[in-house]
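Beneath this line is the structure, given in structure tokens, with notes to follow.
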Amino acid sequence: QVQLVESGGGLVQAGGSLRLSCAASGRTFSSSFMGWFRQAPGKEREFVAGISWSAGSTYYGDSVKGRFTISRDGAKRTVYLQMNSLKPEDTAVYYCAVTRVIGTRNRYEYDYWGQGTQVTVSS
């Protein structure tokens, strides 16, 4: 099994920045793909960004492209999501997740999930 712990959420004003972290432990492997999802009240869980653990190839949802950047640190077994130019529409609980299917945006193909961290953007 894999354990994922998100951190770095909080309350920021529109136009501000936050950096989220996802620390992995347990049964991790180099062929995995790490994704960030978010879910706002009354909305479906939405793919935000993803990165392959071995090659570092990145993928982004259309709503965050150009504003958010995903990266990973293999030595620390940690994935980051740098969020800039935040908008009130970015307000959601953000989740880190792991899948063996490289590049997938489909939440149903992810096998392990963190507990989530709240991001609130005020206007």
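All values below were derived from every heavy atom in this structure, side-chain atoms included, with hydrogens, water molecules and symmetry-related copies excluded.
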Could you grab the distance from atom [atom1] of [X] to atom [atom2] of [Y], nearest 0.5 Å is fine?
X: Ser17; Y: Phe68; atom1: OG; atom2: CZ; value: 9.5 Å
X: Ile51; Y: Cys22; atom1: CD1; atom2: SG; value: 12.0 Å
X: Thr99; Y: Arg105; atom1: OG1; atom2: CZ; value: 13.5 Å
X: Glu6; Y: Trp36; atom1: CD; atom2: CH2; value: 5.5 Å
X: Glu46; Y: Arg107; atom1: CD; atom2: CZ; value: 10.5 Å
X: Arg19; Y: Met83; atom1: CZ; atom2: CE; value: 11.5 Å

[X] versus [Y]: any side-chain heavy-atom pair under 4.5 Å?
X: Val121; Y: Lys87; result: no
X: Thr69; Y: Tyr60; result: yes
X: Val119; Y: Leu20; result: yes
X: Thr120; Y: Val12; result: no

Could you give me the CA-CA distance, side-chain angles and deciding distance for Tyr110 and Phe37, then say whether ring pair (Phe, Tyr, Trp, His ring centres under 6.0 Å) is met? CA-CA 11 Å; Tyr110 285 77; Phe37 288 78; 4.9 Å; yes
Where is the tightest heavy-atom contact between [X] and [Y], given as atom of each residue plus distance?
X: Ala92; Y: Ala40; answer: CB-N, 3.8 Å
X: Met34; Y: Cys96; answer: CE-SG, 3.9 Å
X: Ser52; Y: Ile102; answer: CB-CG2, 4.2 Å
X: Asp90; Y: Ser85; answer: OD2-O, 4.5 Å
X: Gly8; Y: Leu18; answer: O-CD2, 3.8 Å

What I want to check is whether the side chains of [X] and [Y] have a donor and an acceptor closer together than 3.5 Å.
X: Thr104; Y: Glu109; result: yes
X: Gln118; Y: Thr91; result: no
X: Ser63; Y: Arg38; result: yes

Using the rule given for side-chain contact (heavy atoms from CB on, under 4.5 Å), can you reason through Lys65 versus Arg67, listing the C-alpha separation, both sets of side-chain angles and the distance that settles it, and then say yes or no? CA-CA 6 Å; Lys65 191 172 297 183; Arg67 298 189 296 124; over 6 Å; no
Is a side-chain donor or acceptor of Gln82 paired with a backbone partner of Ile70 at a separation under 3.5 angstrom? no
Looking at Trp53, is its backbone amide N or carbonyl O close enough to the side chain of Ser32 to form a donor-acceptor pair, meaning the two atoms are under 3.5 Å apart? no
Taking side chain to side chain contact (heavy atoms under 4.5 Å, CB included) as the test, write out the residues that go with Thr78, two or more places apart. Ser21, Ala23, Lys76, Tyr80
Walk me through whether Ser122 and Gln13 qualify under side-chain hydrogen bond (donor to acceptor under 3.5 Å, both in side chains). CA-CA 5 Å; Ser122 63; Gln13 293 185 348; 5.2 Å; no
Does NZ or CZ of Arg45 come closer than 6.0 Å to the centre of the six-membered ring of Trp113, within 45° of the ring's axis? yes
With sequence neighbours excluded, residues passing ring pair (Phe, Tyr, Trp, His ring centres under 6.0 Å) with Tyr59: Phe33
Around atom CG of Asp62, are there more than 12 heavy atoms from other residues, nucleotides or ligands closer than 6.0 Å? no
